[in-house]
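Just below is one structure, and these are the notes that go with it.
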Amino acid sequence: MLAPFELDWCGGASAARLRRRRPGIDELPWESLHAETLDDATLAAARTTWTEGAFSEYASAAAFAALAGALLEAGAPIDLTAMAGDFVVDEITHVELNARLAATIGGAAPHLVDLDKLAPPRTDHPAIARAAALAIKICVVGESLSVPVLATAARVATQPLARAVLARIAHDEGPHARLGAHVLAWAGDRLDPFRDPLRDIARRALAAYAPLWRRRPPPPNPSTRALGILDGADHARVLRRAVRARVVPALAVAHLAPDPGWIDELLGDDVDAPRAA
Ligand SMILES: [Fe+2]
Ligand SMILES: [Fe+2]
């Protein structure tokens, strides 16, 4: 059921524990951003971006929780499972960062969500195949695409708080992406019976991002860029490069890369050789 996206904070022992586990959040330059210095369009764009950002990080937390569950059910190595569990806390921290950014400029934008549909649907496949499928969707595709987007956003942001928050999030996301390769390497040839459905999952996960580079971008806005909100054209360029430079190579190692012709078609014909984003 759709309901407004709202976040709560318990305080006390749980807040103290989170602060011990993920220190430095209160020390970011929260006092440097003032809503009254932003024009209406920039303010609206920032509220929307940071509200959607908070929910996207919330969904990532649910996804890593599902991956941790599948790894436990598959009897995966304990350190690998611990990474997935630890990343739930990273993502929750990113939720907090986005929510606090929005709060700094007057609060979140209205955003309806269906939390019942938040967790990735569970299939009937054995746990090792479910873990691999989640690792592909969440890490090899999703996180690998978000790493260069966040790094670029942190680089272009000039407003101190936005820059600090984006740098903090970008710093965490690299290991999130690499967990996918670790899971696939651990599963190894036990995934052989599932290669075709896993290849299909990778293709569908990639195709879900295509609207982000196929849409016509709005004109650039220097004010939102200063807050680390990438112009549509920049966003599309970074994503398309990352498909070739990050996602396809990671899938290829696990013999799951889509056909090159399929990738060319997905991206259009004006992205050439692989480059680091
Ligand atoms: Fe995140
Ligand atoms: Fe992440």
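Counting starts at 1 for both ligands and their atoms, following the listed order.
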Problem - Within 6.0 Å of CD in Glu265, more than 12 heavy atoms from elsewhere - result: no
Exercise for the section: Inspect the surroundings of CD in Glu27 and state if more than 12 heavy atoms from other residues, nucleotides or ligands are less than 6.0 Å away. Expected result: yes
Handout entry: Near the Fe ion (ligand 2) (under 2.8 Å) - protein N, O or S atoms
Key = Glu91 OE2, Glu143 OE1, Glu143 OE2, Glu173 OE1, His176 ND1
Going by atom type alone, with no hydrogens or angles, which donor-acceptor pairs under 3.5 Å involve a side-chain atom of residues 100-112 and a protein atom two or more places apart or on another chain?
unit_1 : atom_1 : unit_2 : atom_2 : d
Arg100 : NH1    : Asp26  : OD1    : 2.9
Arg100 : NH1    : Glu96  : OE2    : 3.2
Thr104 : OG1    : Arg100 : O      : 2.6

Problem - Note: Arg22-Asp86 ion pair, threshold 4.0 Å (strictly below) - result: yes
Exercise for the section: Applying side chain to side chain contact (heavy atoms under 4.5 Å, CB included), run through Thr49 and Thr224 and close with a yes or a no. Expected result: CA-CA 10 Å; Thr49 299; Thr224 51; over 6 Å; no
Handout entry: Salt-bridge criterion met for Asp264 and Arg244 (N-O under 4.0 Å)
Key = yes
